[in-house]
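Everything numeric in this text was worked out from a predicted model, so none of it was measured.
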Amino acid sequence: VEVGLSPQAPADSLFAGLPSRFRAQTTHLQTVLRAPEGAAVLATSEQDGCHAFRWGDRVWGVQFHPEFSSMHMHGYVQARADALGREGIDARAVSRNISATPHARSVLRRFVHRTQAFAAAG
């Protein structure tokens, strides 16, 4: 799905410098109904008003799957084809629209680097 950054995102270490809109792998079996009190919403999508958030300086939550490659998503859609069909979703059409999501993937890389920096700082 297409994810749009909120006004708070450019100041966040995981989302700074990303395009204002980018594609991300999602599954949507669950959704964040509201961000935790005091959290900054960093991204939204057509499906979710809270697609990513930061709470404090060391806690992030994302609805999308930055760890999924397009190959993973194709496998996931294939495995869930019957369930998607019951929801009125054409799994083949979904599969045709799967593509690489390098900007979403960069969020995961940034998270790893950030946690390594926290660990090194003690």
Side-chain angles (χ1 to χ4, degrees):
V1 301
E2 188 172 78
V3 173
L5 296 183
S6 72
Q8 295 88 346
D12 183 80
S13 60
L14 301 189
F15 289 85
L18 293 178
S20 63
R21 302 193 76 69
F22 61 89
R23 291 179 50 83
Q25 312 294 359
T26 64
T27 60
H28 278 87
L29 292 175
Q30 298 176 334
T31 190
V32 174
L33 298 176
R34 68 177 188 276
E37 188 173 325
V41 174
L42 301 172
T44 63
S45 73
E46 218 173 85
Q47 294 87 357
D48 288 292
C50 181
H51 218 94
F53 67 87
R54 183 191 68 250
W55 189 48
D57 66 347
R58 295 186 183 201
V59 177
W60 288 268
V62 294
Q63 283 288 110
F64 61 90
H65 289 274
E67 76 279 13
F68 281 16
S69 68
S70 57
M71 181 183 73
H72 291 110
M73 276 310 296
H74 281 289
Y76 183 83
V77 169
Q78 182 179 357
R80 299 230 343 112
D82 290 341
L84 290 169
R86 287 190 297 274
E87 295 174 24
I89 299 170
D90 179 356
R92 285 186 179 174
V94 170
S95 199
R96 281 193 300 273
N97 286 317
I98 293 171
S99 62
T101 56
H103 297 297
R105 188 69 155 213
S106 73
V107 171
L108 180 59
R109 282 192 299 277
R110 291 173 178 193
F111 177 76
V112 169
H113 292 175
R114 184 94 163 124
T115 56
Q116 288 172 336
F118 287 143

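- Taking hydrophobic clusters as Ile, Leu, Val, Met, Phe, Trp and Tyr residues chained together by side-chain heavy-atom distances below 4.5 Å, F68 does not share a cluster with V62.
- Under the 4.5 angstrom side-chain criterion for Ile, Leu, Val, Met, Phe, Trp and Tyr, the cluster partners of F53 are W55, V59.
- For G49 against T44, the heavy-atom pair with the smallest separation is O-CG2, 3.1 Å.
- Of the possible donor and acceptor atoms, one in the side chain of Q25 sits under 3.5 Å from a partner among the backbone N and O of S99.
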Worksheet item: So T26 and Q47, side-chain contact (heavy atoms from CB on, under 4.5 Å) or not? Walk me through it.
Response: CA-CA 10 Å; T26 64; Q47 294 87 357; 6.0 Å; no

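- The local environment of CZ in F111 is sparse, with at most 12 non-hydrogen atoms from other residues, nucleotides or ligands closer than 6.0 Å.
- By the rule that hydrophobic residues join a cluster once side-chain heavy atoms approach within less than 4.5 Å of another member, L5 and V1 end up as members of one cluster.
- Scanning both residues, R105 and P66, for their nearest heavy atoms gives CD-O, 3.0 Å.
- Side-chain contact between V107 and L18: present, with at least one pair of heavy atoms (C-beta onward) separated by less than 4.5 Å.
- Residues passing the salt bridge (charged side-chain N to carboxylate O under 4.0 Å, His left out) test with R23: none are found, sequence neighbours excluded.
- Counted by atom type alone, H72 and S69 present one or more donor-acceptor pairs between their side chains at under 3.5 Å.
- Taking the side chain as every heavy atom from C-beta outward, H65 and T27 approach each other to under 4.5 Å.
- S13 OG to R58 CZ: the interatomic distance, rounded to the nearest 0.5 Å, is 11.0 Å.
- Looking at residues two or more places apart in sequence or on another chain, you find a salt bridge (charged side-chain N to carboxylate O under 4.0 Å, His left out) between E87 and R80.
- Taking every heavy atom of both residues into account, G4 and R21 meet most closely at CA-NH1, 3.5 Å.
- Paired with M73 under the rule side chain to side chain contact (heavy atoms under 4.5 Å, CB included), one option of I98, T101, N97 passes, and it is I98.
- Note: S20 OG to F15 CZ = 13.5 Å, rounded to the nearest 0.5 Å.
- In the displayed structure, Q78 atom CD is contacted under 6.0 Å by at most 12 heavy atoms of other residues, nucleotides or ligands.
- Of the possible donor and acceptor atoms, none in the side chain of R54 sits under 3.5 Å from a partner among the backbone N and O of A39.
- Summarising the local packing, CZ of R92 is surrounded by 12 or fewer heavy atoms from other residues, nucleotides or ligands at distances under 6.0 Å.
- Here the CG-CH2 distance, from L42 to W60, works out to 9.0 Å after rounding to the nearest 0.5 Å.
- Ring geometry for F64 versus H51: interplanar angle under 30°, hence parallel rather than tilted (30 to 60°).
- Residues S70 and A100 approach most closely at CB-N, 4.1 Å, considering heavy atoms.
- V41 and L14 are not part of a single hydrophobic cluster, where members link through side-chain heavy atoms under 4.5 Å apart.
- Put simply, the side chain of Q30 never gets that close to the backbone of Q63: no donor and acceptor are under 3.5 Å apart.
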